[in-house]
Amino acid sequence: MKKLVLGAAIALAPIVAMAHPAGCGLGTAVVFKSPGSWVEHVLAATTNATSGNQTFGMTSGTLGCEAAGGPLASGVDYFIDQNIDQIALESSQGQGETLDALAELIGVADQDKSAFMVSMQSNFDSLFPNEETSSSQVYFTIADIMSHNARLSKYLAS
Amino acid sequence: MDPRSALASIGRKFSLSLALLSASDRPPPLFSVLIYNLPQMIRFLFCICVLSTSLITLTHAAESTDLQKLASLKQWRHLLHYHQVGLFAFDESQADDPDFFLAETGKTDPLAELQASLKALSKTNPDYLDRRCQFPARYHWLSTHIKTLNFDIAHCSELNQWLEEIGGDGLTLIFPAAYLNSPSSMFGHTLMRVDSDKNTNPLLNYSINYAANADPADNELVFSYKGLTGGYPGIFSVLPYYQKVKEYSYLESRDVWEYELDIKKDELEQFLRHVWEIKNTHFYYYFFTENCSYHLLTLLDAASPRFNASEAFTSDVIPADTVRVLNEQGLIQRALFRPSMRTNMEYQLEQVNDRQKHYALALSDLEISVESVNQTFTEMSPEQRAQGAELAASYVHYLARKNETLSRAYNRRAIKILSYRSSLGLQEVFDKTPAPEIRDDEGHRSHRVALSAGEDIAGTYMAANLRMAYHDFLDPIGGYLKGAQLEMFNLWFRAYSDSVTLFQARFIDIASFTPRNDFSAPTSWFVSTGLERHISQYDELMPYLRAGPGLSYLWFEDSFPIQFTTLLSTQAYLDSDISKGYYLGSGPRISLLSQHLFGNINIDWTKHYDVSGAKFESELISIGASISLGRNWQIRADMDYQESLTANQKTLYQTDSSISLMYYF
């Protein structure tokens with residue numbers, strides 16, 4: 001089972017403890033709510049700069065987070081949160097590198113990855129019902145879809 | 001006299017006096033022996049002490065020489081980041097954080113630092129366990145050279161957890177291409193990715209990035225100034241690779257090259273241990289020298305005596321050159337191309353017909369519902385629809401980010417389009433974007449010199465050019481962005497029959513001409529500043545500034561692509577000899593540019609009407625053609641026709657023609 005160590009971030013900046021029942025990564029990102037164009041430029045202008053909070057830890061942004069006790073492997077919630085736009089795009093296509101990485105994080109074996117991605121495609125409307133869909137919803141919908149799929153249900157965390 | 005011979009002579013005297021004493025018939029009383037020989041004995045004991053001290057000193061001397069030798073070894077210096085690059089560089093460590101050094105003079109004295117390190121790492125130091133975990137690379141290297149130092153980091157839980165998580169079976173140099181729309185990204189960027197066999201998907205690996213820790217409150221001018229002059233500390237950070245791909249591929253639409261490096265397992269282990277050592281260390285960031293690309297090389301150099309890449313750089317460090325150096329040293333095993341979202345879209349547009357493009361645009365039109373669009377475009381196959389839907393989704397995603405007021409509506413439409421796409425099933429409906437024929441590191445080198453012969457109003461001339469960086473419209477295009485120009489410190493000297501002058505100096509000359517199409521509408525722009533001559537006073541160099549926005553289009557894409565750009569140009573001159581001391585003019589500029597691997601052609605027309613200050617309305621037509629001769633040579637022909645209408649209605653004009661041979665190094 002793949003895992004991203006959430007709690008072991010080695011931080012430069014002080015850690016602000018966040019208590020969140022399902023893990024820090026969930027519920028903050030909404031699909032396609034990426035920055036507008038002017039922010040894009042500022043981001044671009046500071047591409048080679050880094051904010052002071054950048055840590056040396058494994059998962060920047062989850063400082064002090066509790067590992068999720070959710071149905072999917074630890075770290076999956078954070079990944080969905082950080083990659084929600086690309087997951088939506090690739091789910092509609094039933095293929096893609098980010099989707100493949102998601103499958104790998106969940107622990108799906110290589111031979112079942114394609115089945116996972118096609119299942120994401122055929123269940124797109126449940127995964128992304130509208131433009132307000134949050135990463136938290138996506139997370140639990142994936143778990144739900146997998147539980148009903150004979151080939152994929154074995155990858156759910158017990 | 002040295003201690004040994006002193007001891008010997010005292011011994012002789014002692015034995016002689018003993019012998020003399022024993023020469024008499026009576027055995028000498030101990031007391032008299034002692035009395036007679038006390039001075040010798042004292043001297044003897046003294047000598048023993050001196051001898052042992054000097055033997056100890058001799059041992060120390062032997063050890064010191066060893067330590068001195070060790071401290072002067074290149075690899076120790078690399079571990080301490082003793083490097084020199086740039087115009088004013090001292091023989092000292094480039095690390096600017098005092099916590100990186102254990103000795104007070106560690107920044108300038110490698111021996112002192114070695115001695116302090118040994119002391120800190122040895123068991124006699126109460127802190128030794130922590131120090132071993134804090135400086136594992138130094139510890140490891142020292143342990144291979146000093147028999148009494150054993151390498152053991154089993155107790156370093158944080159370090160070991162980090163090493164376990166980051167993995168480490170391979171190292172890849174990541175090179176996002178140049179991005180002209182951001183000052184700090186104009187020359188591109190480099191970062192490292194640590195590849196772990198436990199991850200099949202590269203997105204899950206970790207990347208090591210060096211960047212300036214800029215104050216987000218600083219505006220772009222302050223940012224540029226501080227970035228150039230060491231005003232920001234640079235720090236290393238570790239991020240999952242997917243974060244960087246998100247940034248480069250999706251947000252900024254920059255193509256990325258991934259170069260797998262030839263690094264052995266033990267070298268990679270030392271590399272990672274060293275990364276841990278410098279994780280909290282800052283180095284003042286200098287855009288032209290100690291920048292992102294440079295410090296990745298210094299990290300590599302610290303990992304193994306086999307790497308000496310940073311030594312190749314003395315004056316400036318341009319990212320593409322760091323890749324070239326690694327390639328020349330045989331350290332690049334494989335190169336992979338990662339196209340950006342925009343590049344993918346450009347290639348996808350080539351795979352669809354006009355009807356599909358209309359379909360995609362119709363799907364993106366908020367005025368028409370997705371259902372009615374599908375009812376209109378009935379004759380298309382599911383695969384064609386899938387292609388159209390994918391294009392539409394990318395386009396709408398782009399529109400949502402460009403247009404804040406409509407972004408919510410566009411996001412809603414995006415979901416609808418994606419939903420429709422998913423209903424079609426089918427997975428790969430487009431061919432994968434192929435890698436360009438010539439990689440970014442395989443293009444012409446960054447510096448240029450040229451020799452020229454020509455003629456202008458002042459007579460025939462021979463000219464010489466020196467350009468520090470980087471690429472203009474007529475330079476060989478392989479490995480460079482089309483329609484992009486980035487020049488810094490471009491000097492032309494001319495020798496006429498009676499004089500030699502600095503003819504022209506361009507400090508900065510940047511142009512970004514990006515073609516618009518149905519699916520994207522970028523703004524083109526240019527800026528140029530330096531010293532140049534105007535025909536109204538050809539004998540004087542005047543400071544100038546010229547800039548403006550515009551629109552660009554690509555014509556005849558399928559046969560002989562020509563990039564047509566139209567801009568509004570505004571220029572200013574400053575000179576005490578011209579009326580009012582300055583000149584401000586504005587007017588249209590049109591450029592026709594065609595770039596190919598074998599050669600380029602550029603026709604540029606610009607006219608400036610008087611706005612303010614001195615009056616000399618001017619017009620310039622530039623025609624240039626170049627032919628590539630291999631990767632780093634080029635032959636070029638230029639013809640500039642300049643016309644100016646002065647205040648007293650007199651027309652001045654001249655033609656400046658030349659042929660040049662360019663060499664890139």
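Being a predicted model, the structure only gives us computed values, none of them experimental. All values below come from the heavy atoms of this structure, side chains included, with hydrogens, waters and symmetry mates left out. First the proteins, then the strands, lettered A, B, ... as listed; each starts at 1.
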Non-hydrogen atoms of chain A under 4.5 Å away: do they reach the side chain of [X], the backbone, both or neither?
{"X": "Leu426(B)", "result": "backbone"}
{"X": "Ser419(B)", "result": "both"}
{"X": "Glu428(B)", "result": "both"}

Under 4.5 Å from a heavy atom of chain B, the part of [X] involved:
{"X": "Asp110(A)", "value": "side chain"}
{"X": "Asn130(A)", "value": "backbone"}
{"X": "Thr98(A)", "value": "both"}
{"X": "Gln121(A)", "value": "both"}

Would you tell me whether [X] and [Y] have side-chain atoms, one donor and one acceptor, within less than 3.5 Å of each other?
{"X": "Asn205(B)", "Y": "Ser196(B)", "answer": "no"}
{"X": "Thr405(B)", "Y": "Asn403(B)", "answer": "yes"}
{"X": "Glu390(B)", "Y": "Tyr395(B)", "answer": "no"}

Item to check | All pairs passing salt bridge (charged side-chain N to carboxylate O under 4.0 Å, His left out) where residues 137-148 of chain A contributes a residue, at least two apart | outcome: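 Qualifying pairs, neighbours excluded: none.
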Next on the checklist: Below 4.5 Å, heavy-atom pairs only: which of Leu418(B), Leu424(B), Val245(B), Ile415(B) has the largest tally toward chain A?
Outcome noted: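 With the most close heavy-atom pairs to chain A, the winner is Leu418(B).
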Item to check | Minimum heavy-atom distance between Thr133(A) and Leu127(A), given as atom pair plus value | outcome: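 Answer, listing the atom of Thr133(A) first, then Leu127(A): CG2-O, 3.3 Å.
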Checklist entry - Are more than 12 heavy atoms from other residues, nucleotides or ligands located less than 6.0 Å from atom CD of Gln427(B)? => result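 It does: Gln427(B) CD has more than 12 such atoms within range.
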